[in-house]
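Values below: every heavy atom of this structure, side chains too, minus hydrogens, waters and symmetry copies. Just so we're clear, the structure is a prediction, and the values are computed from it rather than from any experiment.
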Amino acid sequence: MLTFHVAEHSPEAAVLVDGATVAAVGPYEELAAAHPSARVRRWPGILTPGLLNPYAPELLEATYHPDPREADRLGTEPIGGERARAIFRADPSRLGASARRGVQRMLAHGTVAVAGELHARPALDAVRRATLAVGQRPPRLPGPPALSPTPLILLPPLTPGAPARFAVFDVPDRGELVRRGAGTCVATVVTGRLVYRSR
């Protein structure tokens, strides 16, 4: 089924998705006239090609993402440093579930691609299952590792025939996205699937 994704503040960059692929990109009114039977998903904010997070090893192998059922003991925020290492030493099997939760957090921040060399099988599997793209890590990383890193790394513009990977942020423009960060994400699409929506 053909599906349009159009955002309130970037109607000139509507995306028509056919399965896992971008079928067309352009002004919504023009594309809708050519494909009147396509389903339409409307979003607030702006539609972007999505983000590359270069901190995959730090966020998926060296950070523990607590299970919601552990909130009373561990809180809800990611845990790094020696505390994370102690958790994984005590029970190495926790890495797999933590990596999967970490990937879900990345998707909720508009991440559609990751970079950095992963070594642990559970983290590699979590990235593969989510069908995140794997990109090249920039030579210099300002740090620190974060779900909304600074600076944000937007992927190249979407083109017809490319995999349908993109994210929508509830901001009026890219300048505001930079100021407010990736926590403004309202929808993330990977290989044509809506893998995250905030509302």
Side-chain angles (χ1 to χ4, degrees), residues 2-32 34-35 38-56 59-60 102-116 127-142 145-199:
L2 294 174
T3 302
F4 278 115
H5 291 264
V6 58
E8 178 184 7
H9 294 299
S10 58
E12 75 288 349
V15 177
L16 180 63
V17 175
D18 185 3
T21 305
V22 174
V25 181
Y28 171 68
E29 296 298 336
E30 293 180 13
L31 295 179
H35 304 277
R39 180 175 61 175
V40 180
R41 289 189 182 273
R42 297 184 182 275
W43 305 103
I46 61 171
L47 191 152
T48 76
L51 303 176
L52 179 144
N53 191 311
Y55 296 107
L59 292 175
L60 300 180
V103 165
Q104 289 303 312
R105 285 179 180 240
M106 286 180 157
L107 294 172
H109 285 76
T111 297
V112 299
V114 296
V127 168
R128 289 195 188 105
R129 275 196 295 268
T131 62
L132 289 171
V134 178
Q136 185 173 0
R137 189 165 182 159
R140 294 178 59 195
L141 295 174
L147 292 165
S148 181
T150 303
L152 296 176
I153 304 173
L154 279 170
L155 293 178
L158 297 168
T159 56
R165 293 189 179 99
F166 51 90
V168 184
F169 299 89
D170 191 6
V171 293
D173 53 47
R174 289 194 178 189
E176 191 67 13
L177 171 58
V178 170
R179 284 188 290 274
R180 293 175 55 191
T184 56
C185 181
V186 293
T188 304
V189 172
V190 177
T191 57
R193 296 178 296 115
L194 182 62
V195 293
Y196 169 77
R197 68 178 300 167
S198 66
R199 60 184 70 181

Worksheet item: Hey, what do you get for CG (L141) to OG1 (T150), rounding to the nearest 0.5 Å?
Response: 12.0 Å
Worksheet item: Side chain of S148, backbone of A182: donor and acceptor closer than 3.5 Å?
Response: yes
Worksheet item: Where does the angle between the aromatic ring planes of H35 and F4 fall among parallel (under 30°), tilted (30 to 60°) and perpendicular (over 60°)?
Response: perpendicular
Worksheet item: Where do V112 and R165 come nearest, in terms of heavy atoms and distance?
Response: O-CD, 3.7 Å
Worksheet item: Rounded to the nearest 0.5 Å, how far apart are CG of L107 and CG of L51?
Response: 11.0 Å
Discussion item. Side chains of L60 and V103, heavy atoms from C-beta outward: is any pair under 4.5 Å?
Written reply: yes
Worksheet item: Under a 4.5 Å cut-off applied to non-hydrogen side-chain atoms, are E8 and V168 in contact?
Response: no
Worksheet entry | Contact summary for R129 and R193, nearest pair of heavy atoms | O-NH2, 4.4 Å
Worksheet item: Hey, are the side chains of R41 and R197 touching, using non-hydrogen atoms and a 4.5 Å cut-off?
Response: yes
Worksheet item: Are side-chain heavy atoms of C185 and F169 found at a separation under 4.5 Å?
Response: yes
Worksheet, complete the sentence: Distance col, row L52:CG vs L154:CG, nearest 0.5 angstrom, shows 10.0 Å
Fill in: Gap separating the CG atom of L2 from the CG atom of L16, nearest 0.5 angstrom
5.0 Å
Worksheet item: Taking side chain as C-beta onward, heavy atoms only, is L47 less than 4.5 Å from L158?
Response: yes
Practice prompt. Kindly give the heavy-atom pair with the smallest separation between L31 and A14, and that separation in Å.
Written response: CD1-O, 3.9 Å
Worksheet item: T48 side chain to A167 main-chain N or O, any donor-acceptor pair under 3.5 Å?
Response: yes
Worksheet item: With a 4.5 Å heavy-atom cut-off, do V22 and T159 have their side chains touching?
Response: no
Worksheet item: Taking atom CE of M106 and atom OG1 of T188, what is their separation to the nearest 0.5 Å?
Response: 12.0 Å
Item to complete: Over all heavy atoms of both residues, which pair between Y196 and S198 is shortest? Give the atoms and the distance, please.
Response: OH-CB, 3.2 Å
Worksheet item: Does a side-chain heavy-atom distance below 4.5 Å link H109 with N53?
Response: no
Fill in: Taking every non-hydrogen atom, the tightest pair across V17 and A164
CG1-CB, 3.9 Å
Item to complete: Compare every heavy atom of P138 with every heavy atom of I153, then report the nearest pair and how far apart it is.
Response: CD1-CG, 3.9 Å
